[in-house]
Amino acid sequence: GLREFEGSLEDASELAGAVRPRTLDALLRQGGAGSEEAYVGRDGWLFYRPDVDALAMRPSGEGGAARAIALLGAELASRGIRLVVVPVPGKAAIHPERLAAEGGSLSRPIQPAVAERLAEDVKAFWDEEAAKEKLDASLAPTVFDPSGLMWGMKETTGGTQFLRTDSHWTPQAMETVASALARVVGQPSPADHAALAANEPVEIESVGDTALMLDLPGDSAFLAKEKVAISRVLLRKGGPWQPDRSSPVLLLGDSYTNIFSNADLGWGDSAGLAEHLSRYLGFSVDRLSRNDAGARSAREMLVTEARKYPGWLEGKKVIVWELAMREVVNGDWGVVRLEPDERASAAVVSQGFLTVPPGQPVEVATTISSIGPIPRPGESPYADYLTAFHLTGLKDLRTGTPVAGNALAYAYTMKDRRLLPSASLAPGQTVRARLCNYAENARTLDSLNRGELDDVDTMMENPNFAEWIAPSEP
């Protein structure tokens, strides 16, 4: 039963530690062992530890996720937009039998208590807001939990719903969820299935993100490639699927959205949740996604986009918010308001932030005012990481001519799971940098995991991309 299964996890966690790399590989092959980043399951399966640990966690803060979701839903409803929340379960919730033998005795998905009552709690908080703000009841937020659907698919077909050494779902599980999700979204726009071409089947072989983050020796059995079949969605007029900024449906998501869509994750492209949701709806959706976009950062991403482009949300009818179930349990659910603070916004604009024009990169000498978080290799399943820099006193590197008082720039601080020299930079340091237009690089950069600045007003500015940033020469 569940108690025995939880006990087996506790036993496995006693072996967790910083053992690298052949010692860890040997422990993993023996079974029942874990590391600081992962648990090993049966038959060579690996489980991302935060997903597993979240199953037994109690949420922090009263109301937590439910209250924040209801508040966002109310703000969107006041604009005529319905919110659909999709908490995606972790691998252990659907495949406990692959983690421990005791998991085979379970007859339903493992869910944290907060997830089991999420829809009920969201409704209770929404009802309070709706009565206070006199909101349209038809725009109440919907919680669509695919756990039962995925469990049922596992039981009826015998097919696995998650990749063996990766933290994400299989293409088939994702497509099944996309089909059901399309029915929940409904038809806010006339379907035009002719706009999207028939699927293009492609076989992909890759190694899971959980295995890669463990820094195992190259001959480890856990690094053996897994083969999957994806279905790429193409435009009838030619080329891969693209998000439609004017679409009435926006998909706000994390790496569960990006997997099979962003080739950088190793599992192909043009075949992710947004693509297949579009296919089932009959029109392209808009998409705003970032790997590891948690409870707070996903909302901040939405707010930032809405404030930068005031008319962007006007045509939206439904916002689908996909997020990992672990975020429901232990994410940062502090208040993030959709409505801007006009006084703060005016103050930031007056400080003159640089936006590098397309095709006109500039090399500057500047001082770092503040820096976002720096990644810790081995703690994230993602290979690359961007960090936000607030730069001040920018001058042309060649002529010394002032360029701007301030700039917001993103720079790589980790690539291929290795820290870059930029990760050692500090506030107050004088540096040189080559800044480029962010939008020109957005297709590559937008989905990447990143560390943002604490200053929300600065984060509202148009960002630049730092191709390189380094200490000034003495």
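Only a predicted model underlies this, so the values are computations on that prediction, with no experimental measurement involved.
Using a 4.5 Å heavy-atom threshold, the side chains of Thr210 and Pro381 count as separate.
A salt bridge links Glu275 with Arg287: the distance from a Lys NZ or Arg NE/NH1/NH2 to an Asp or Glu carboxylate oxygen falls below 4.0 Å. Using a 4.0 Å cut-off between charged nitrogen and carboxylate oxygen, Glu116 and Arg108 count as a salt-bridge pair. At a threshold of 4.0 Å, the pair Arg290-Asp446 does not count as salt-bridged, since none of the basic side-chain nitrogens sits closer than that to a carboxylate oxygen.
Residue Lys225 qualifies as open at atom NZ: its count of foreign heavy atoms under 6.0 Å is 12 or below. Atom CZ of Arg245 has more than 12 neighbouring heavy atoms from other residues, nucleotides or ligands inside a 6.0 Å radius. For Lys123, the NZ atom is loosely surrounded, since the number of other residues' heavy atoms within 6.0 Å does not exceed 12.
With a 6.0 Å cutoff to the six-membered ring centre and a 45° limit on the axis angle, Arg326 does not count as a cation-pi contact of Tyr48.
Shown here for Leu323 and Val85, the closest heavy-atom pair between the two residues is CD2-CG1, 3.7 Å. Scanning all heavy atoms of the two residues, the minimum distance from Asp145 to Met325 falls at OD2-CE, 3.8 Å. Here the closest non-hydrogen pair linking Ala92 and Ile110 is O-CD1, 4.0 Å. Ala407 and Asn464 get closest at one heavy-atom pair: CB-ND2, 4.0 Å. Of all heavy-atom pairs between Leu118 and Ile69, the closest is CD1-CD1, 4.3 Å.
Under the 3.5 Å distance criterion, with hydrogens and angles disregarded, no donor-acceptor pair is assigned to the side chains of Glu226 and Thr165. A donor and an acceptor atom, one from each side chain of Ser297 and Glu452, are nowhere located under 3.5 Å apart. Counting only N and O atoms by type, the side chains of Tyr39 and Asp53 include a donor and acceptor under 3.5 Å apart.
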Working note: Asp455 + Thr458, criterion side chain to side chain donor-acceptor pair (under 3.5 Å); need CA distance, chi angles, decisive distance, verdict. CA-CA 6 Å; Asp455 186 342; Thr458 299; 3.0 Å; yes
Using the side chain to side chain donor-acceptor pair (under 3.5 Å) rule, take Thr257 and Ser289 through it: C-alpha gap first, then chi angles, then the decisive distance, then the call. CA-CA 7 Å; Thr257 291; Ser289 58; 5.8 Å; no
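Looking only at distances, no side-chain donor or acceptor of Lys415 sits under 3.5 Å from a matching main-chain atom of Ala383. Side chain of Thr142 to main chain of Val84: no donor-acceptor pair is present (N/O by atom type, distance under 3.5 Å, no hydrogens or angles).
For the side chain to side chain contact (heavy atoms under 4.5 Å, CB included) with Phe162, the lone residue among Arg98, Met150, Lys154, His168 that qualifies is Met150.
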